[in-house]
Amino acid sequence: MARPRSVYRCAECGHEHPKWVGRCEACSAWNAVAEEPTTVVVAPKRVGRPEGTGRRARPLGEVEGDRLVRWTLGIPELDFVFGGGLVPGSMALIGGEPGIGKSTLLLQAAARMVESGRRVLYASGEESAEQIRLRADRLTEAAGGVLVLGETHLETVLDVTREVRADLLILDSIQTVFTDTLESAPGSVGQVRESAARLMRFAKDTGVAVIVVGHVTKGGTLAGPKTLEHIVDTVLYFEGETSLNYRLLRATKNRFGSVDELGVFSMTERGLIGVPNPSALFLEARSASTSGSAVTALMEGTRPVLVEVQALAARSGYGTPQRVATGLDPKRLAVLLAVLERRAGHNFGDLDVFVQVSAGVRLTEPGADLAVAAALVSSLKNLPTPADALFLGEIGLAGEVRPVGGVDRRLVEAGRLGFNRAFGSGRHTGAGGIRTVALDHVDELVRAFAA
Ligand code: TYD
Ligand code: MG
């Protein structure tokens, strides 16, 4: 009897079902069952000596280390986030909410790669060739040489990629394609995962670089399985407030470069334009003479970036005071408020507290604690922080200020933007023409503002 073409396996417990079910029969998990092709494992025939495997493990020192080839995408900020360019035979995923600019950025990159003599196929299941043409007409780049294909059948896309001998395949989006090997609908977990696995094998076998677009749902996860991120070499996220014109591109996984690298773009009428100096952009709207504002330097990947933290403490109108954190973990805000209250006597008890960070940047490193605390206390006391100073430090539960790593690079960036002083742990040393001023405990903050 012929084996069925696919099985439906539960991602939670691995139980196999002959057909799709909404709830796993073994572990009762909802929506965890996805189609996958049946694979028949055939043990390879033994050749040669009956005892041997025919394979030889080598000392690592004897393995020839190919120097990594990289193709430039022609957009410096994009190349930077990729770790210096696109690696042939690699596969990258660009995730982001609909409308953020993924298709625009990739079409611009495609145009520039074609300009530099490479062959690029832009396959889209989202838009027709005519629609892509309309988009291209708005761009500064001449995209006339980019090959376009409106197609959702994955095997056809791969065949055409071979036929036109493309160096780069851009697939927009992974959720719209389907592969023959599965019967489920495009966009289903099984289809997305299997298509990604096929594309990855294709990239490795042919040396074609592949970039796929993946839509992110409102919750911030890639629509489709998280396993997609494990399959590909590089994962980039494109984010930003659609109402603001900035877009942040961040690498969250990169087998060929460092993660957390940040590229900043501004969306214009003629497409996305890289912002080579994000710190200046993030501080652009800052009004240094108002209370409730403090500047810090974050390490975004290997690059220091200056951002402004704003806080507002206001008498609460009714009932329980509100705590609203944008670009910052609300739990971290709660910790900092508690520390300021218990260790420095700054009472926010019945006040509404709002904290936000410039241009949609997220504070993920504890080194930004001191700036958040400074902005909070500045708003509470209605005292502006010194305009020429930045705040660097992690705050412990005892109210102590701890040193941050990579302080030199942060200070050099701050010096470049005209700052003179950095408040933080007394263990920091100066760099970039910036004087470090010891601030070893949160109860010294108010005094620092007068300095
Ligand atoms: P798009 O690249 O289609 O987003 P995604 O592929 O991530 O869904 O871009 C969406 C928005 O960008 C759309 O609202 C129009 C706008 N846009 C510009 O502002 N300038 C431009 O030059 C282009 C091409 C698009
Ligand atoms: Mg799109």
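Note that ligands are numbered from 1 as they come in the structure, with each ligand's atoms numbered from 1 the same way.
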In the protein, what heavy atom is nearest to [atom], and what distance, to one decimal place, separates them?
atom	value
atom 3 (O) of ligand 1	R135 NH1, 3.0 Å
atom 20 (N) of ligand 1	T268 O, 2.8 Å
atom 16 (C) of ligand 1	M267 CE, 3.9 Å
atom 6 (O) of ligand 1	S103 OG, 2.6 Å
atom 2 (O) of ligand 1	T104 OG1, 2.6 Å
atom 4 (O) of ligand 1	G101 N, 3.1 Å

Is there a donor in the side chain of [X] and an acceptor in the side chain of [Y], or the other way round, less than 3.5 Å apart?
X	Y	result
R416	N277	yes
E35	H17	no
S316	Q322	no

- Is there a protein heavy atom less than 4.0 Å away from atom 14 (O) of ligand 1? no

Does the side chain of V309 come within less than 4.5 Å of V355's, by heavy atoms? yes

Non-hydrogen side-chain atoms of E127 and S103 separated by less than 4.5 Å = yes

Give yes or no for whether the N/O distance cutoff of 3.5 Å, strictly under, is met between G99 and ligand 1.
yes

Below 3.5 angstrom, do we get any N/O pair linking G271 and ligand 1?
yes

Contacts of E261 meeting side chain to side chain donor-acceptor pair (under 3.5 Å) (sequence neighbours excluded), chain-then-number -> S258, T302

Between V33 and V21 the two heavy atoms that sit nearest each other are CB-O, 3.6 Å

Taking every heavy atom of D79 against every heavy atom of L73, the minimum-distance pair comes out as OD1-N, 2.7 Å

With respect to the Mg ion (ligand 2), please indicate if S103 possesses an N, O or S atom at a distance under 2.8 Å. yes

Among R270, Q108, E97, R138, the residue with a heavy atom nearest to atom 23 (C) of ligand 1 is R138

So for E126 against ligand 1, with non-hydrogen atoms under 4.0 Å, the contacting part is neither

**OP:** On the 0 to 90° scale, with breaks at 30° and 60°, tag the H153-F178 ring pair as parallel, tilted or perpendicular.
**Re:** tilted

Atoms of ligand 1 under 4.0 Å from any heavy atom of P98, numbered from 1 in the order shown, are 8 (O)

